[in-house]
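Down below is the structure, laid out as structure tokens.
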Amino acid sequence: MKALILAGGMGTRLRPLTLRTPKPLLPLVGKPLVMHIIDRLPQEVETVILAVSYMREALETYFRENDCGRQVVLVEEKVPLGTGGAIRNVRQHLDGTFLCFNGDIVSSLDPVELLQVHRHCQGIGTLALWKEADPSAFGVVEMKDGRISGFQEKPPPGQAVSHLVNAGIYAFEPRLLDHIGEGTVSLERDVFPRVLDEGLFGHRFSGHWVDCGTPESYLRAQATLIDGGMDLYRPLLNDGADVIGPNHLDGVSLVSCRVGPHVCALPGSRIMRGSVVERSVLMTGALVGEDCQVRDSILGPGAAVGNGTMVTREVLVGVTPVR
Ligand code: GTP
């Protein structure tokens, strides 16, 4: 079986991080975002197709240098074709029922269960559905007699027809391709409403689901994964630091600081004397100087926060001035 991962978006909401690294390769609790999807694929998936466009070379290099245990095929769009156009663009690789994932989703969905429901319902597609208390920021799904009967894109607060949102994970039949036109096509807006009569079904799951498209949701996904068992305490050095778990601390040097909860610090990062870091990530080689406060923030690879600086809800990739 083939699994298709849509990984060609520009990730503008995660800039400036995504100016240097494509979103699927951003480290999330120590491994690239896209690997959280690949590692959960069912055994029967022998080939992963990545629909890529933005920063294709970086993805190519990663999969050339890292064996993910399955055959990986990268298919490029010269210009991004949208989520529907991307599926059409890989049609020569699709020969049967396939799984399809938005490349920035972290979830507890079991794809085996999704496939079971899909095979039972025998429609053109089955969408994983997540119940969201406030669905106004998502694609909302309307159900009737066990089938999807309509869609509502980002409804105003209080006007949603249901609390079930499209989780961006699907099982499809190849005949879906007959309904995707040339050029730029949105799966959600252009294709789904057109194939309702062909049988679109939903599979509701529980556990966790986070679309990591924004700094806030990226940090939410990080906290969810740390709480869910990806916590780690393996600092390179702990010289008098107060550590409040759970965190994911791997190869970080801690010097008389206070760290946690929900901090991910990757190899070569450092937190110096008198600083406090909470609910944040320090990517490889990032530095928090002395007497800083860092909360709800993302420090990219090698980013440095100068002594005495307060950082709240920021995404940093450079160096803030030393005071
Ligand atoms: P923003 O620019 O911040 O909206 O991010 P994005 O470009 O990733 O868009 P969005 O979050 O809506 O995309 C959801 C998923 O679809 C992501 O995994 C994207 O990589 C993927 N995606 C979006 N547009 C395209 C496209 O044109 N081609 C391909 N191959 N993938 C896409």
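First listed ligand is number 1; within each ligand, the first listed atom is number 1. Remember, it's a predicted structure, so these values are computed and weren't measured experimentally. In what follows, residues are counted from 1 in the order of the sequence shown.
Note: Y170 and F201 fail the aromatic proximity criterion, with ring centroids not under 6.0 Å apart.
Using a 3.5 Å distance cut-off with no hydrogens or angles, the side chains of Q116 and H203 do not pair a donor with an acceptor. There is a side-chain donor-acceptor pair under 3.5 Å between Q71 and T47.
Chaining together hydrophobic side chains whose heavy atoms lie under 4.5 Å apart leaves V112 on its own. Alongside M55, the hydrophobic cluster contains M10, L19, Y54 (criterion: ILVMFWY side chains under 4.5 Å).
The ring-ring contact (aromatic ring centres under 6.0 Å, His included) pairs that include a residue from residues 64-110 are F98-F172, where partners are two or more places apart or lie in different chains.
In this structure, ligand 1 sits under 4.0 Å from heavy atoms belonging to L6, A7, G8, G9, M10, G11, T12, R13, K23, A51, E77, P80, L81, G82, T83, A86, N102, G103, D104.
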